[in-house]
Amino acid sequence: MQQKLNLYNTLTRKKEVFEPLHAPFVGMYVCGPTVYGEPHLGHARSAVTFDILYRYLKNQGYKVRYVRNVTDVGHLENDADSGEDKIQQKAKLEHLEPMEVVQHYTNIYHEELRKLNVLPPDIEPRASGHIIEQIEMIQEILDNGFAYEVNGSVYFDVQAYQKDHNYGKLSGRVVEDLLGNTRDTEGQGEKRSPVDFALWKKASPTHIMRWPSPWSDGFPGWHLECSAMSRKYLGTTFDIHGGGLDLMFPHHECEIAQNKASCDHGEGARYWIHNNMITVGGQKMGKSLGNFINLSQLFSGNHEMLEQAYSPMTIRFFILQAHYRSTLDFSNEALQAARKGYTKLMNGLNILKKIRYTEDTAAVEPDAKLNEELLKLTEDCYRGLNDDLNTARTIASLFNLLKKINSLNLGQIKMEQLSRGTFDTIRDTYQELVLEVLGLQEEALGDVEEMLDLVLQFYKEAKEAKQYDKVDVIRAELKKQGIVIKDLKTGIDWAYEE
RNA sequence: GGUAACGUGGCCGAGUGGCUAGGCUCAGCUCUGCAAAAGCUGCUACAGCGGUUCGAAUCCGCUCGUUACCUCCA
């Protein structure tokens with residue numbers, strides 16, 4: 001496979017060939033959730049998108065260190081002086097310790113992502129576990145003259161930074177424009193300029209989450225954790241930084257500024273990857289609009305917008321059938337179509353498990369053209385992924401391949417028309433991409449107990465008809481599954497074999 | 001107001017200037033005891049108007065429409 005992976009880099013606004021700094025190692029940092037609420041479809045999109053990147057990089061032989069954080073402190077409700085921490089606010093509301101809130105929602109996040117078959121990251125650092133690193137970074141930024149202290153709080157000095165650097169290079173913002181924007185001048189208070197942002201906030205007397213620092217008892221600003229933790233685990237220059245498009249500004253812009261301001265010789269992330277939003281009726285799905293659907297609601301169908309429940313793999317397929325940089329519109333119709341498409345791919349997997357390559361027995365000529373066509377289809381599957389992780393194209397190619405697999409299964413294409421190499425290639429490609437790279441897996445079949453009841457019904461009928469050969473077969477086959485039939489006076493039942 | 005996108009057939013959703021992605025839906029056919037599945041066939045679209053070009057869904061301009069970011073959001 002001579003194709004190379006191309007990724008769209010937000011920094012350059014171009015697709016670029018991905019070349020890691022220190023192949024075969026790849027460092028990848030992705031912004032995880034702020035754990036103060038249940039994960040919704042939008043979280044799933046981000047997680048699945050970067051799961052594909054992680055899986056594909058590993059599939060291509062890279063040794064990836066995947067770091068995805070959990071924000072458990074410092075994410076303010078607003079940027080004004082009275083800004084309250086999201087976690088703390090939730091804790092007050094629910095009469096819980098902040099860390100109880102954090103643990104609760106982190107657990108749910110993990111649980112839901114596991115259902116979506118999203119691989120866990122290699123390191124999952126928490127902001128609260130890296131206060132020391134963050135304080136150190138603030139000190140460096142202060143020492144370099146890019147921050148100032150006011151009343152125990154420390155703010156990043158964007159205009160000082162702007163003299164030698166380019167604040168806005170990621171998001172395309174221009175500092176003068178930002179300054180000219182007088183839309184919201186209230187609550188600036190201590191900040192010298194509205195574009196400055198907090199590195200450290202002094203805690204008010206009632207604030208529960210607080211740590212000692214050289215400046216005050218307080219807590220770190222939200223943007224800082226990602227700078228500090230990515231540097232700690234991946235270095236001052238690393239390969240990939242990912243996150244939702246809505247984090248591009250100000251979060252990621254601030255991150256870059258902090259990295260540069262604390263350590264000028266590091267580049268930070270070289271490739272910035274942003275996934276687009278899920279929309280509902282063309283509008284962004286988000287907390288503030290209240291139009292979001294939690295993953296648990298999707299899985300249970302318990303939401304007014306949902307006509308039915310949708311399985312985790314249906315959701316995963318739904319996400320993968322669009323390119324990650326496009327918005328993806330939620331609708332019941334789209335999810336129902338996704339469910340069918342997913343099932344179709346799974347049926348292909350089952351067929352491949354069953355069919356075997358058979359050597360030429362009949363006088364059927366190997367079909368060179370067909371072999372070539374099939375091999376091209378397998379290449380197309382990878383071509384999609386290599387073109388900026390275009391899973392939509394990969395899935396389309398897999399469906400094309402599936403058509404041939406189905407034809408092969410029905411004998412419309414004779415196995416002898418293929419070479420063994422071609423057959424192995426299409427089988428391996430299909431299985432590898434569906435299972436390992438796209439991360440689609442079979443979901444449990446229907447109710448096992450109901451199926452067992454059906455078998456017991458046949459057992460009963462066979463016994464009544466005195467067809468003991470059939471009876472013996474049923475018993476033997478069930479025993480292979482670790483199940484024994486119990487003929488009781490009261491009826492027939494089953495139990496696990498002890 | 002500033003910045004950036006987007007507008008593709010009944011629906012979702014790809015798309016490198018020329019060789020009509022794919023899925024779902026619908027209709028027909030093959031197969032089938034009846035079905036289902038699968039295969040085949042059909043429904044052939046690119047917001048509008050100009051321009052560049054031998055040729056544009058794809059490049060450029062204008063118009064209309066939708067959205068995102070600029071405040072928290074994956």
Side-chain angles (χ1 to χ4, degrees), chain A residues 10 13 15 30-34 36-37 39-50 68 71 75-80 83-84 86 89 109 168 171-174 176-184 186-187 194-195 222 242-251 253 274-279 281-289 292 317-318 320-345 347-348 351 380 383-384 387 390-413:
Chain A
T10 308
R13 311 265 160 171
K15 280 184 199 171
V30 172
C31 288
T34 302
Y36 69 107
H40 59 72
L41 195 49
H43 293 100
R45 187 173 201 195
S46 183
V48 169
T49 297
F50 293 105
R68 188 186 63 207
T71 298
H75 204 155
L76 300 180
E77 202 54 48
N78 61 60
D79 204 25
E84 198 164 3
K86 279 180 187 290
Q89 202 169 57
Y109 184 70
S171 59
R173 291 306 127 109
V174 179
E176 288 74 40
D177 290 353
L178 291 170
L179 287 168
N181 187 350
T182 54
R183 205 179 90 179
D184 181 23
E186 279 181 57
V195 293
W222 171 40
L245 194 60
D246 49 357
L247 298 180
M248 187 166 78
F249 188 89
H251 185 58
E253 200 67 64
H274 290 98
N275 65 279
N276 213 320
M277 303 291 107
I278 301 264
T279 57
Q283 262 202 325
K284 177 179 165 179
M285 181 180 283
K287 290 233 156 107
S288 45
L289 283 163
F292 62 94
F317 186 89
F318 171 68
L320 293 178
Q321 222 184 4
H323 185 229
Y324 76 90
R325 283 196 291 118
S326 301
T327 54
L328 172 59
D329 202 51
F330 162 87
S331 71
N332 281 284
E333 292 90 328
L335 283 172
Q336 281 154 14
R339 189 188 64 77
K340 293 197 178 179
Y342 158 72
T343 311
K344 209 167 173 171
L345 276 187
N347 284 336
I351 288 169
D380 282 347
R383 192 163 290 126
D387 184 12
N390 197 329
T391 49
R393 268 175 62 187
T394 294
I395 287 174
S397 302
L398 283 170
F399 277 122
N400 286 329
L401 200 57
L402 177 59
K403 253 181 203 176
K404 302 296 178 188
I405 292 168
N406 279 324
S407 297
L408 211 50
N409 188 38
L410 292 181
Q412 289 160 331
I413 296 176

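First the proteins, then the strands, lettered A, B, ... as listed; each starts at 1. Atom set for the values below is all heavy atoms of this structure, side chains included, hydrogens, waters and symmetry mates excluded. Predicted model, so just to flag it, every value in this text is computed and none were measured.
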Tell me: OH of A/Y324 to P of B/C6, nearest whole Å? 14 Å

Could you go step by step and tell me if A/R393 and A/D380 meet the salt bridge (Lys or Arg N to Asp or Glu O under 4.0 Å) rule? CA-CA 8 Å; A/R393 268 175 62 187; A/D380 282 347; over 6 Å; no

Which part of the nucleic acid, if any, lies within reach of A/H274 when heavy atoms closer than 4.0 Å are counted: base, sugar-phosphate only, or nothing? nothing

Of the candidates B/C24, B/A74, B/G13, the side chain of A/S46 sits closest to B/A74

Please examine the side chains of A/N276 and A/Y324, heavy atoms only from C-beta on, and report whether any two atoms are closer than 4.5 Å. no

Quick one: label A/N400 by what it contacts on the DNA or RNA (base, sugar-phosphate, nothing), any heavy atom closer than 4.0 Å. sugar-phosphate

Which part of the nucleic acid, if any, lies within reach of A/L245 when heavy atoms closer than 4.0 Å are counted: base, sugar-phosphate only, or nothing? nothing

Within less than 4.0 Å of OP1 or OP2 of B/C12, is there a side-chain N or O belonging to A/K340? no

Integer angstrom distance from the P of B/G55 to that of B/G15: 26 Å

Distance check, rounded to the nearest 0.5 Å: A/I395 atom CD1 versus A/N400 atom CG? 12.5 Å

Distance between the C1' atoms of B/U53 and B/G61, in whole angstroms? 16 Å

In terms of side-chain heavy atoms of A/L178, which of B/G23, B/G13, B/C70 is nearest? B/C70

Shortest non-hydrogen contact from A/F317 to A/A338? CD2-O, 3.4 Å

Using the side-chain heavy atoms of A/D246, tell me which of these nucleotides is nearest: B/A74, B/C40, B/C12. B/A74

Using the C1' atom in both, what is the distance from B/A35 to B/U67, to the nearest Å? 46 Å

Just compare B/A74, B/G2, B/G13 and give me whichever is closest to any side-chain atom of A/D329. B/G13

Just how far, in rounded Å, is C1' of B/U30 from CD of A/Q412? 9 Å

Counting side-chain heavy atoms from C-beta on, which of B/G2, B/A74, B/G22 comes nearest to A/K287? B/A74

Reckon A/N390 has a side-chain N or O less than 4.0 Å from the OP1 or OP2 of B/A14? no

Could you give the NZ-to-P distance, from A/K404 to B/A38, as a whole number of Å? 16 Å

Are any non-hydrogen side-chain atoms of A/F399 and A/L402 less than 4.5 angstrom apart? yes

Looking only at side-chain N and O atoms, does A/K403 come under 4.0 Å of OP1 or OP2 in B/G22? no

Nearest heavy-atom approach of A/A334 to A/F318 is CB-CE1, 3.7 Å

Quick check for you: to the nearest 0.5 Å, what is the distance between A/L320 atom CG and A/R45 atom CZ? 9.5 Å

Under the 3.5 Å Watson-Crick or G-U criterion, the dot-bracket string of RNA chain B, with | for inter-strand pairs: (((((((..(((.....[...))).(((((.......)))))....(((((..]....))))))))))))....

Testing B/U67, B/G13, B/G39 for proximity to the side chain of A/L410, the answer is B/G39

What's the closest nucleotide to the side chain of A/Q321 if the choices are B/G23, B/C70, B/A68? B/G23

Rounded distance (Å) that lies between atom C1' of B/G23 and atom CG of A/L402: 11 Å

Could you check how far CZ of A/F399 sits from P of B/A38, rounded to whole Å? 10 Å

Report which part of the nucleic acid A/G244 touches: base, sugar-phosphate, or nothing (heavy-atom distance under 4.0 Å, all strands). sugar-phosphate

Using a cut-off of 4.0 Å on non-hydrogen atoms, how would the nucleic acid contact of A/A392 be classed: base, sugar-phosphate, or nothing? base

Please measure how far the C1' atom in B/U3 lies from the corresponding atom in B/C59, and state the result in whole Å. 23 Å

For atom CZ of A/F330 and atom C1' of B/C11, their distance in whole Å: 14 Å

Toward the 5' end of RNA chain B, which comes first, A/K344 or A/G282, by nearest nucleotide? A/K344

B/C69, OP1 or OP2 - any side-chain N/O from A/K284 closer than 4.0 Å? yes

Reckon A/N406 touches a base, only the sugar-phosphate, or nothing at all at heavy-atom distances under 4.0 Å? sugar-phosphate

Counting heavy atoms from C-beta on, name the nucleotide in B/C12, B/A74, B/C72 closest to the side chain of A/A334. B/C12

B/C6 P sits how many Å from A/R325 CZ, rounded? 9 Å

Between the side chains of A/D329 and A/T279, is a donor N or O closer than 3.5 angstrom to an acceptor N or O? yes

Checking all strands, does A/M248 fall into the base, sugar-phosphate, or nothing category for heavy-atom contacts under 4.0 angstrom? nothing

Position toward the 5' end of RNA chain B (nearest nucleotide), A/G172 or A/A337: A/G172

Hey, does A/R339 reach any base, or is it just sugar-phosphate, or nothing, if we go heavy atoms under 4.0 Å? nothing

With a distance cut-off below 6.0 Å to the six-membered ring centre and an angular limit of 45° from the axis, does A/R68 pair with A/F50 as a cation-pi contact? no

For the C1' atoms, the ones on B/U8 and on B/G23, what distance do you get once it is rounded to whole angstrom? 15 Å

I'd like the P distance from B/C19 over to B/A36, given in whole Å. 37 Å

In whole Å, what separates the P atom of B/U16 from that of B/G2? 30 Å

Could you tell me whether A/K284 sits above the aromatic face of A/F292, with NZ or CZ closer than 6.0 angstrom to the six-membered ring centre and within 45 degrees of the axis? no

Determine the Euclidean distance between corresponding C1' atoms of B/G50 and B/C64; express it in Å to zero decimal places. 15 Å

Mind calculating the distance between CG (A/N276) and P (B/G13) to the nearest angstrom? 11 Å

Could you please name the option among B/G23, B/C70, B/A68 that lies closest to any side-chain atom of A/Q283? B/A68

Does A/S326 make a side-chain N or O approach to OP1 or OP2 of B/G13 shorter than 4.0 Å? no

A/R393 has a side chain; which of B/G15, B/C12, B/U25 sits nearest to it? B/G15

Is A/N275 close to A/L245 at the side-chain level, that is, under 4.5 Å between some pair of heavy atoms? no

